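What you are looking at is a predicted structure, and each value in this text was computed from that prediction instead of being measured.
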Amino acid sequence: MSPTPALTLAVRSLDAAYDGSQILRNVSLSVPERKVVCLMGRNGVGKTTTLKCIVGLVKAVSGEVTLGSTSLNSYRPDERARSGIGYVPQGRDIFPNLTVWENLQISLVVQ
């Protein structure tokens, strides 16, 4: 039996806008399975919008989000979560009485 191929989360040529104002232009990145990637930048450059596009909370104008060979563009946020993609925002949108690890585990709960 051959090992399961690693799944890479890939973002290719992502464009996104809010109310006609372009926020993301041609954003591309990849995150290999079991690796950590840091998305850094000053305030207002599109970090949160990039993450929200990946998890499906913001619809991209163009570009593609894939997990392995599967395009996630038509997936709803809950379907993306079931695929293993989670998002824990900074600040008020977490459970304050849980540890960081417990907050991250919440995204793994599948009904």
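Between N73 and V65 the shortest side-chain heavy-atom distance falls below 4.5 Å. Side-chain contact check for V55 versus P77: every heavy-atom pair is 4.5 Å or farther apart. Side-chain contact between I85 and I54 is present, with at least one heavy-atom pair separated by less than 4.5 Å.
Contact detail for A16 and V61: the closest heavy-atom pair is CA-CG2, 4.0 Å. The two atoms that bring T8 and P32 nearest to each other are OG1-CA, 3.9 Å, heavy atoms only. Considering every non-hydrogen atom in both V31 and K35, the closest pair reads CG1-O, 3.8 Å.
Here the straight-line distance linking atom SG of C53 with atom CG of L72 works out to 12.5 Å at 0.5 Å rounding. Within the model, atoms CG of L9 and OG of S30 stand 8.5 Å from one another, a figure rounded to the nearest 0.5 Å.
Residues V45 and L57 do not share a hydrophobic cluster, defined by chaining ILVMFWY side chains whose heavy atoms lie under 4.5 Å apart. At a threshold of 4.5 Å between side-chain heavy atoms, the hydrophobic network of Ile, Leu, Val, Met, Phe, Trp and Tyr places L51 and V37 in one connected group.
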Could you list the donor-acceptor pairs under 3.5 angstrom formed by side chains in residues 20-29, with sequence neighbours left out?
{"from": "Q22", "atom 1": "NE2", "to": "L24", "atom 2": "O", "distance (Å)": "2.7"}
{"from": "N26", "atom 1": "OD1", "to": "S13", "atom 2": "OG", "distance (Å)": "3.2"}
{"from": "S28", "atom 1": "OG", "to": "S13", "atom 2": "N", "distance (Å)": "2.9"}

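Under the 4.0 Å criterion applied to side-chain N and carboxylate O atoms, R76 and E79 are assigned as salt-bridge partners.
Proximity of a side-chain donor or acceptor of K47 to a complementary backbone N or O of M40 within less than 3.5 Å is not detected. Within the 3.5 Å criterion, the main-chain N or O of E102 finds a donor-acceptor partner in the side chain of T99.
T70 and Y75 share no side-chain donor-acceptor pair at under 3.5 Å.
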